[in-house]
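Here's the structure, in C-alpha cells; my notes come after.
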Amino acid sequence: MQKVIVTGGTGYIGSHTAVALQNARYQVIILDNLSNSDTDSLDGIQRITGTKPEFIKLDCTNKDDMRCAFEKHRDAVGVIHFAALKAVGESVEKPLLYYRNNLGALINVLDMMQEFKIPCLVFSSSATVYGVPEQLPVTEDTPLQPATSPYGQTKVIGENIITDTVRANPQIQATLLRYFNPIGAHPSAEIGEKPNGVPNNLMPYICQAAAGIREYLNVFGNDYDTPDGFCIRDYIDINDLANAHVAALKHMQSGKHGINVFNLGTGRGQSVMELIQAFEGATGVKVPYKLSPRRTGDVPAIYANADRAEKILKWRANVPLNETLASAWRWQQKILKLK
Ligand code: NAD
Ligand code: UDP
C-alpha cells in the first residue's frame with residue numbers, strides 16, 4: 001500500500017480525508033499536535049474503514065520531530081498538509097502565532113519533502129485568497145486580493161512559498177486546493193466538526209442553536225447588495241471535499257504536473273437565510289435566530305467556478321445539500337450524547 005502523510009489529520013477536514021484515502025487503499029500516517037482536535041477521530045476513522053491510521057503526536061513547527069516522523073515514512077508517496085490554525089478573529093489578535101504556526105509548519109513540510117524526496121504535496125488553501133472578488137463565480141484565474149486577516153495572509157503567502165519551492169525543485173509537484181465553505185459530517189456520524197468553545201463558523205453555530213446550546217444564531221447583516229440582503233457562500237459537503245484530495249493526489253501520481261490550483265466548491269451560492277431554511281427543511285428542526293449587524297471583514301458574496309477540478313481531476317461535488325445538512329445535525333446530536 002502506498003503511504004500518505006497527513007498533517008492535521010485528526011482535525012475536521014483531515015479526518016474525513018483520511019477516510020477517503022483509506023477507502024482508496026492508501027496507508028495513512030497522521031501527524032498532529034492535537035491543538036484543535038483529539039484522538040477520538042482516529043477511533044471514528046477505524047469504525048468507518050476498519051483501519052486505524054498510524055498516529056504520531058508532534059508539532060509540525062518542530063523540525064527535529066518532523067525529521068523523525070518523515071525518516072520513518074520516507075517511502076511516502078505524498079503529503080497532505082492540513083495542519084494550521086484557522087480562527088480568523090484570533091489571527092487578528094495574535095498574528096505572530098498564526099505566521100509562526102502556519103508558515104513554520106509549511107516550511108518544515110517542504111524541507112522534509114526535499115530531504116526525503118517525497119514527490120507530491122496537497123495544500124489546504126482557501127477561498128479567502130480571493131478577498132472581495134470583482135466577478136462571480138470566481139475561477140482560479142480571478143485575481144487574488146489582499147488578504148483581510150493574518151490567517152488569510154498565511155494562505156496567500158503559503159501558496160507563494162509552495163510555488164517558489166516547486167519552481168526551484170522540479171522533483172516536487174504540488175496541488176493548491178482553495179476550499180470554499182466545507183460543512184457537514186460523515187454520513188455515519190462517526191466523525192465530524194468539533195469546534196472549540198463558541199463556534200465562529202455558520203454551520204456549527206446553526207447546529208448548536210438548533211440543539212439549544214446557544215440561545216439563538218446571530219445572522220450577520222441583512223443589508224448586503226445580494227438578492228435577499230444576506231451574505232452568500234458556496235457550502236460544500238465535507239465528504240465531497242475529502243474525495244477531491246484523493247483525486248488531486250492521484251492526478252499528481254499520473255505524471256509531472258508542477259503546480260496546480262483548484263477551486264473546491266459546488267458552483268452554487270447560498271445565502272445565510274437560505275441555508276437556515278434548508279437546514280430546517282432537511283431536519284425538521286427550527287433554528288432560532290436574530291438579525292445582527294454585519295460582521296467586520298465579511299465578503300458579501302463568493303462562490304466557486306469549479307470547472308477546472310471537474311475537467312482535470314474528474315471531480316465534482318455530488319452530495320445534495322439536504323443530505324449534508326442532515327449529516328451535520330446527526331453529528332451534532334451524537335456529540336451532545338457523548339457530553
Ligand atoms: P482543524 O482545526 O479541524 O484541523 C487542523 C488540525 O491541525 C487540527 O487537528 C490541529 O490540532 C492541527 N494543527 C494545527 N497546528 C498544528 C501544528 N503546528 N502541528 C501539528 N498539528 C497542528 O481545521 P480544518 O477545518 O480541518 O482545516 C484544515 C485545513 O484547511 C487548515 O489548513 C485550514 O486553514 C484549511 N481550511 C479550512 C476551512 C474550513 O472552513 N474548515 C476553509 C478553508 C481552508
Ligand atoms: N455567519 C452568521 N452568523 C454566524 C456565523 C457566520 O451570520 O454566527 C455568516 C457570515 O456572516 C458569513 C457566512 O455566515 O456570511 C459564513 O460564515 P463562516 O464564518 O462560516 O465562513 P466564512 O466567513 O469564512 O465564509
Side-chain angles (χ1 to χ4, degrees), residues 6-17 30-39 41 56-62 65-66 69 80-89 91 97-98 100-106 108-109 122-129 148-149 151-152 154-155 158 177-183 191-196 198-206 208-209 214 216-222 224 226 230-236 238 241-242 245 264-265 269-273 275-276 287 289-303:
V6 180
T7 74
T10 47
Y12 174 45
I13 307 174
S15 56
H16 290 80
T17 302
I30 292 181
L31 316 182
D32 202 299
N33 65 0
L34 303 180
S35 60
N36 196 38
S37 56
D38 55 51
T39 54
S41 54
I56 303 173
K57 183 170 182 226
L58 58 71
D59 194 308
C60 296
T61 63
N62 183 319
D65 289 352
M66 286 284 273
I80 305 189
H81 180 51
F82 294 105
L85 296 171
K86 61 166 185 177
V88 176
S91 82
L97 175 69
Y98 274 67
R100 190 178 295 114
N101 189 74
N102 295 4
L103 299 179
L106 173 63
N108 280 345
V109 164
V122 181
F123 176 65
S124 300
S125 190
S126 166
T128 187
V129 299
T148 51
S149 70
Y151 166 74
T154 67
K155 295 301 176 192
L177 298 179
R178 294 178 180 156
Y179 310 152
F180 283 67
N181 290 57
I183 60 167
I191 51 175
E193 187 173 13
K194 268 191 190 168
N196 237 338
V198 183
N200 294 310
N201 295 115
L202 180 59
M203 194 66 241
Y205 212 111
I206 286 182
Q208 292 195 6
R214 310 280 156 205
Y216 54 85
L217 166 77
N218 286 298
V219 173
F220 298 136
N222 63 345
Y224 284 100
T226 57
F230 299 99
C231 277
I232 292 175
R233 294 288 182 277
D234 183 337
Y235 296 96
I236 174 168
I238 184 68
L241 189 83
H245 293 74
L264 297 182
Q270 214 90 38
S271 80
V272 175
M273 199 48 68
L275 196 74
I276 294 171
V287 181
Y289 70 83
K290 281 194 182 165
L291 299 180
S292 305
R294 293 181 180 198
R295 182 172 71 175
T296 316
D298 268 341
V299 171
I302 184 163
Y303 53 95

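Order of appearance sets the numbers: ligands from 1, and atoms from 1 within every ligand. Remember, it's a predicted structure, so these values are computed and weren't measured experimentally.
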Phe180 N/O under 3.5 Å from ligand 1 N/O: no
Tyr151 N/O to ligand 1 N/O under 3.5 Å: yes
May I ask you to list the atoms of ligand 1 that are less than 4.0 angstrom from any heavy atom of Ser125? 43 (C), 44 (C)
List every atom of ligand 1 that sits less than 4.0 Å from any heavy atom of Ser124, numbering the atoms from 1 in the order shown and giving each element. 29 (C), 30 (O), 32 (O), 35 (C)
Scanning both residues in full, the closest heavy-atom pair of Val272 with Phe230 reads N-CB, 4.1 Å
Below the 3.5 angstrom mark, is there an N/O of Phe82, backbone or side chain, next to an N/O of ligand 1? yes
May I ask whether Lys194 has any heavy atom positioned less than 4.0 angstrom from an atom of ligand 1? no
Work out which heavy atom in Arg233 is nearest to a heavy atom in Val299; give both atom names and the distance. NH1-O, 2.8 Å
Which ligand 1 atoms, with their elements, are less than 4.0 angstrom from a heavy-atom of Ser126? 43 (C), 44 (C)
Starting from atom 27 (O) of ligand 1, which protein heavy atom do you reach first, and at what distance in Å? Ile13 CD1, 3.8 Å
Near Thr10, which atoms of ligand 1 are under 4.0 Å from a heavy atom of that residue? 9 (O)
Using 30° and 60° as the class limits, which term best fits the ring planes of Tyr151 and Tyr98: parallel, tilted or perpendicular? perpendicular
Between Asp59 (side chain) and Asn33 (backbone), is there a donor-acceptor pair under 3.5 Å? no
Shortest non-hydrogen contact from Gly8 toward Ala83: N-CB, 3.7 Å
Does CZ in Phe220 sit with more than 12 non-hydrogen atoms of other residues, nucleotides or ligands closer than 6.0 Å? yes
Give the single entry among Thr61, Asn101, Leu177 that approaches atom 18 (N) of ligand 1 most closely by any heavy atom. Asn101
Using heavy atoms and a cut-off under 4.0 Å, could you grab the residues that are in contact with ligand 2, chain by chain, numbers ascending? Asn181, Asn200, Asn201, Leu202, Tyr205, Leu217, Asn218, Val219, Phe220, Cys231, Arg233, Tyr235, Val272, Arg295, Asp298
Check each of Gly8, Ala84, Gly152 against atom 14 (C) of ligand 1 and report the one with the nearest heavy atom. Ala84
Closest contact, heavy atoms only, His245 versus Tyr179: NE2-OH, 2.6 Å
Taking atom 25 (O) of ligand 1 as the point of reference, which of Arg233, Arg100, Arg178, Lys86 owns the nearest heavy atom? Lys86
State the CG-CG distance between Leu291 and Leu217, to the nearest 0.5 angstrom. 9.5 Å
Side chain to side chain contact (heavy atoms under 4.5 Å, CB included) against Arg100, all qualifying residues, sequence neighbours excluded: Leu96
Ligand 1 to Gly11, heavy atom cutoff 4.0 Å, flagged ligand atoms 3 (O), 4 (O), 9 (O)
Out of Leu34, Ile80, Asn200, Asn33, who gets a non-hydrogen atom closest to atom 20 (C) of ligand 1? Asn33
At a 4.0 Å threshold, what atoms of ligand 1 neighbour a non-hydrogen atom of Leu58? 19 (N), 20 (C)
Minimum-distance pair of heavy atoms, taken over all atoms of Gly269 and Ile232: CA-CG2, 3.6 Å
Has ligand 1 got any nitrogen or oxygen that is less than 3.5 angstrom from a nitrogen or oxygen of His81? no
Under a 4.0 angstrom heavy-atom cut-off, which atoms of ligand 1 come close to Cys60? 17 (C), 18 (N), 19 (N), 20 (C)
Measure from the side-chain N and O atoms of Lys194 to the backbone N and O of Asn36, and report whether any donor-acceptor pair falls under 3.5 Å. no
